[in-house]
Amino acid sequence: MSVCVRIAPSPTGLLHIGNVRTALFNWLFARHEGGEFRLRIENTDTSREVAAAVDQIQDSLRWLGLDWDGPVTFQLDRQGHCVDEARRLVEVGMAYEDEGAIRFRMPDEGSTGWDDVVLGRIDVPNEELEDVVILRSDGRPTYNFASPIEDALDGITHVIRGPDHISNTPKQLCILRALGVDLPVYAHVPNVNGDDGRKLSKRHGAVTVDEFRAEGYLAAALANHLALLGWSYDDRTTVMSREELVERFSLERVGASPATFDYAKLDWLNGVYLRALDREAYARELVGFLRERGLDWDESLVRETVPLVQEKIARLDEYPSFARFLFEEVEPDAVALNGAGAVLEEAERRLATAEPFDAGGVEASLRRLAEELGLSPRKAFAPIRLAVTGSTISPGLFESIELLGRERTLRRLAAAAARAGRPESSA
RNA sequence: GGCGCAUUCGUCUAGAGGCCUAGGACACCGCCCUCUCACGGCGGCGGCACGGGUUCGAAUCCCGUAUGCGCCUCCA
């Protein structure tokens with residue numbers, strides 16, 4: 001039988017990364033099995049906020065590459081069916097009216113259990129199961145009724161969801177049995193927590209897909225990292241492409257204990273992905289990122305900087321501060337420049353005539369300068385870097401100067417020299 | 001409070017009774033490379049929550065304790 005899974009977020013806000021991880025597991029499982037992955041929105045009203053959240057959810061899934069099969073379905077659209085089923089259960093005596101609402105009659109004896117793919121066998125004594133409300137007095141079905149019915153309607157074969165649903169499962173199982181439909185397989189995957197062991201929230205850092213995207217993470221890196229939260233392929237494989245994840249994923253290897261989201265590891269992984277990109281792909285990601293940031297820096301120059309920054313930054317959002325000097329004027333800290341006047345003037349004098357004015361030519365010229373002034377390269381280049389890039393941290397100095405061009409370089413060196421003063425006159 | 005689930009280095013994890021002197025990765029520390037920052041290389045620190053069993057043998061099985069989380073809504 002072909003596999004069919006679903007992700008069923010409620011449109012109450014932006015897609016939380018924990019739900020995204022669960023969505024990813026569903027998607028990986030479906031793709032691995034050659035089955036279907038569906039998107040169902042558990043909406044209970046049709047307000048404008050809901051419509052916006054629905055778009056948001058779809059954008060997030062699409063950006064991550066989690067494509068779904070078939071149309072997006074809405075819980076609200078199938079209320080009628082749920083109501084019919086509730087009435088039917090009342091007619092056959094498996095449910096009863098209680099002050100206007102309808103409750104499902106849970107069995108009193110025996111137990112209800114299932115073989116959870118992740119947790120193993122779980123059995124719950126039926127006496128602990130309350131007669132749950134399946135239809136509210138206003139006629140709307142409740143979650144514990146609508147959700148399993150829709151799963152049945154959609155032909156869901158595997159319900160892969162968060163652990164907060166474990167105690168709902170026996171109730172849903174009883175309802176499904178009363179309805180006489182096929183039972184799905186359940187897999188309750190563990191939570192993703194913040195570093196304090198609690199639910200991941202804003203104060204831990206980015207929590208929605210949008211936020212990760214805005215911080216310059218690559219979709220493939222995020223997906224890779226998320227996949228490793230609660231699942232692993234073996235004892236040594238960390239970096240896996242989307243294709244490899246699909247090929248290797250299995251529910252059997254999903255662990256039972258909750259994971260803590262490790263931002264530092266994501267940064268490292270993102271760097272790995274960023275460095276692996278070819279120049280064109282990197283440029284595309286970078287240009288797209290800057291555009292979303294609202295930075296209208298010259299695209300062709302941005303593209304030229306790729307070789308200078310690719311190995312240096314782990315997140316795209318590090319780019320602006322790292323390469324700003326190529327697009328905007330700089331203001332080196334005068335105190336840090338103090339006493340470097342001689343070096344700066346000499347650098348200006350030599351670079352005025354250095355040929356060719358490319359990274360190699362500039363490097364040869366500046367190294368000679370350092371040697372002749374009796375300075376270590378480190379010492380000699382520090383003030384030059386500061387004068388030219390405005391920072392003590394920058395891409396390679398010589399490549400940066402080449403890109404900046406002779407004219408702007410000389411101007412910055414002169415301006416810095418004027419503010420720097422001579423070593424003996426430093427105050 | 002009741003019920004449920006979980007518990008291996010700081011973090012993600014490997015481990016399905018002997019392969020474990022518990023492996024890998026991130027982080028951290030040190031050294032090397034080096035024009036800064038990164039990258040890369042080498043090395044180091046560091047863990048089976050606790051207590052009882054079972055067994056010739058337990059990180060692995062059982063029981064209990066502790067801790068964390070979840071559910072106990074006419075929320076989803």
Side-chain angles (χ1 to χ4, degrees), chain A residues 8-12 19 41-44 75 98-103 116 118-120 122-125 127-130 132-147 161-171 188 190-193 195-199 225-239 252-253 255-269 271-272 274-275 308-314 318 322 362-363 366-367 370 375-386 389 391-401:
Chain A
S10 54
T12 47
N19 299 129
I41 306 291
E42 311 229 298
N43 62 330
T44 47
Q75 185 175 94
D98 176 28
E99 285 177 23
I102 292 178
R103 285 184 187 276
D116 197 285
V118 172
L119 303 174
I122 295 179
D123 278 292
V124 181
E127 60 182 343
E128 280 165 20
L129 267 26
E130 297 280 312
V132 295
V133 171
I134 56 177
L135 211 60
R136 298 181 179 86
S137 43
D138 65 3
R140 289 153 58 225
T142 59
Y143 167 79
N144 270 323
F145 191 54
S147 185
R161 50 169 31 167
D164 43 332
H165 292 292
I166 295 173
S167 41
N168 287 328
T169 305
K171 301 174 194 168
H188 289 94
N191 265 328
V192 175
N193 296 327
D195 56 17
D196 53 1
R198 318 204 63 195
K199 195 170 152 75
H225 185 251
L226 249 19
L228 260 13
L229 260 26
W231 174 82
S232 67
Y233 175 58
D234 59 19
D235 64 337
R236 56 193 62 252
T237 311
T238 302
V239 181
E252 283 67 32
R253 285 196 65 82
S257 50
T260 300
F261 195 96
D262 187 347
Y263 289 92
K265 189 166 186 175
L266 207 215
D267 279 2
W268 166 77
L269 236 199
V272 170
L274 240 21
R275 272 174 253 123
L308 276 64
V309 303
Q310 186 161 13
E311 218 175 61
K312 307 263 183 186
I313 63 178
E318 294 172 52
F322 202 64
V362 168
E363 175 166 11
L366 292 182
R367 282 194 187 282
L375 293 169
S376 67
R378 192 190 215 85
K379 270 233 176 313
F381 300 160
I384 299 176
R385 160 174 287 106
L386 188 58
T389 72
S391 169
T392 55
I393 299 169
S394 79
L397 220 212
F398 319 121
E399 293 79 3
S400 293
I401 288 176

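When reading the values below, keep in mind they use all heavy atoms of this one structure, side chains included, and skip hydrogens, waters and symmetry mates. Within every chain, numbering begins at 1; the chains are lettered A, B, ... in the order of the sequence lines, protein sequences first and strands thereafter.
Considering only the side chain of A:T260, B:C12 comes nearest among B:C12, B:A6, B:C69. Side-chain proximity of A:R367 to the nucleotides B:C35, B:C69, B:U13 is greatest for B:C35. In this structure, of B:A38, B:C35, B:C71, it is B:C35 that holds the atom nearest to the side chain of A:F398. For A:F381, the side-chain atoms get nearest to B:C35 when compared with the rest of B:C35, B:A14, B:A76. Closest approach to the A:R385 side chain among B:U36, B:A76, B:C5 is made by B:U36 (side chain taken as heavy atoms from C-beta onward). The A:A259 side chain lies nearest to B:C12 when the options are B:G4, B:C12, B:A14. You'll find that the side chain of A:N191 is closest to B:C69, out of B:C5, B:U13, B:C69. Out of B:C74, B:C35, B:C5, the shortest distance to the side chain of A:V133 is found at B:C74. For A:F322, whose side chain is taken as the heavy atoms from C-beta onward, the closest listed nucleotide among B:C37, B:U36, B:U13 is B:C37. Which of B:A6, B:C35, B:C3 sits closest to the side chain of A:P258 comes down to B:A6.
For the residue pair A:S147 / A:H165, no side-chain donor-acceptor distance below 3.5 Å is found, with atom types taken as modelled.
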B/S/- contact track for nucleotides 17-30 of chain B, protein heavy atom under 4.0 Å: ------BSBB----
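Using a 4.0 Å heavy-atom distance criterion, A:E311 is classed as a base contact. Among the heavy atoms of the strands lying under 4.0 Å from A:G230 are primed sugar atoms or P, OP1, OP2 only; no base atom is included. Heavy atoms of A:D98 sit under 4.0 angstrom from at least one base atom. Across all strands, A:L228 comes closer than 4.0 Å only to sugar-phosphate atoms, never to a base (heavy-atom distances). Within 4.0 Å (heavy atoms only), A:P125 reaches no atom of the nucleic acid at all. Contact annotation for A:S10: backbone-only contact, meaning every heavy-atom pair under 4.0 Å involves sugar-phosphate atoms and none involves a base. A:N168 comes within 4.0 angstrom of a nucleotide base, judged by non-hydrogen atoms across all strands. A:S394 comes within 4.0 angstrom of a base, heavy atoms only. Residue contacts for A:E99: at a heavy-atom cut-off of 4.0 Å it reaches a base atom on one of the strands shown. At a threshold of 4.0 angstrom between heavy atoms, the contacts of A:H225 with the nucleic acid are absent. Backbone-only contact: A:R253 has heavy atoms under 4.0 Å from sugar-phosphate atoms and none from a base.
In the displayed structure, A:R136 atom CZ is contacted under 6.0 Å by more than 12 heavy atoms of other residues, nucleotides or ligands.
A close approach under 4.0 Å does not occur between any side-chain nitrogen or oxygen of A:T392 and OP1 or OP2 of B:U36. Side-chain N/O atoms of A:R378 include one lying less than 4.0 angstrom from OP1 or OP2 on B:U36.
The separation of B:U8 from B:A25, taken at their C1' atoms, amounts to 15 Å, rounded to a whole angstrom. Atom name C1', nucleotides B:G47 and B:C5: the rounded distance is 23 Å, in whole Å. Between the C1' atoms of B:A58 and B:C63, the separation comes to 15 Å (whole Å). Atom P of B:C26 sits at a distance of 8 Å from the matching atom of B:G40, rounded to the whole Å. The separation of B:G10 from B:A27, taken at their C1' atoms, amounts to 8 Å, rounded to a whole angstrom. If you take atom P in B:C12 and the same atom in B:C69, they sit 15 Å apart, rounded to whole Å. For the P atom pair drawn from B:C61 and B:G17, the interatomic distance equals 9 Å after rounding to whole Å. Taking atom C1' on both nucleotides, B:G57 is separated from B:G43 by 35 Å, rounded to a whole Å.
Of the residues listed (A:D123, A:V124, A:I122), the one engaging A:P170 in a side-chain contact (heavy atoms from CB on, under 4.5 Å) is A:V124, and it is the only one.
Heavy-atom distances to RNA chain B give each of A:R136 and A:V118 a nearest nucleotide, and the one nearer the 5′ end belongs to A:V118. Nearest-nucleotide mapping onto RNA chain B: of A:D164 and A:R103, the residue sitting toward the 5' end is A:D164.
Rounding to the nearest 0.5 Å gives a distance of 7.5 Å between CG of A:N19 and OG of A:S10. Rounding to the nearest 0.5 Å gives a distance of 3.0 Å between NE2 of A:H188 and OG1 of A:T169. For the atom pair A:E42 CD and A:T12 OG1, the distance stands at 10.5 Å (nearest 0.5 Å). The structure places CD1 of A:I393 at 10.0 Å from CD of A:E318, a figure rounded to the nearest 0.5 Å. Taking CG of A:D267 as the reference point, atom CD1 of A:I313 lies at 11.5 Å (rounded to 0.5 Å).
One cannot find a donor-acceptor pair under 3.5 Å joining the base of B:C74 and the side-chain atoms of A:T142.
Of the possible donor and acceptor atoms, one in the side chain of A:D196 sits under 3.5 Å from a partner among the backbone N and O of A:R198. Panel note: side chain A:S391, backbone A:S394; no donor-acceptor pair is recorded below 3.5 Å.
Pair check for B:C71 finds B:G2; Watson-Crick or G-U wobble, both atom distances under 3.5 Å.
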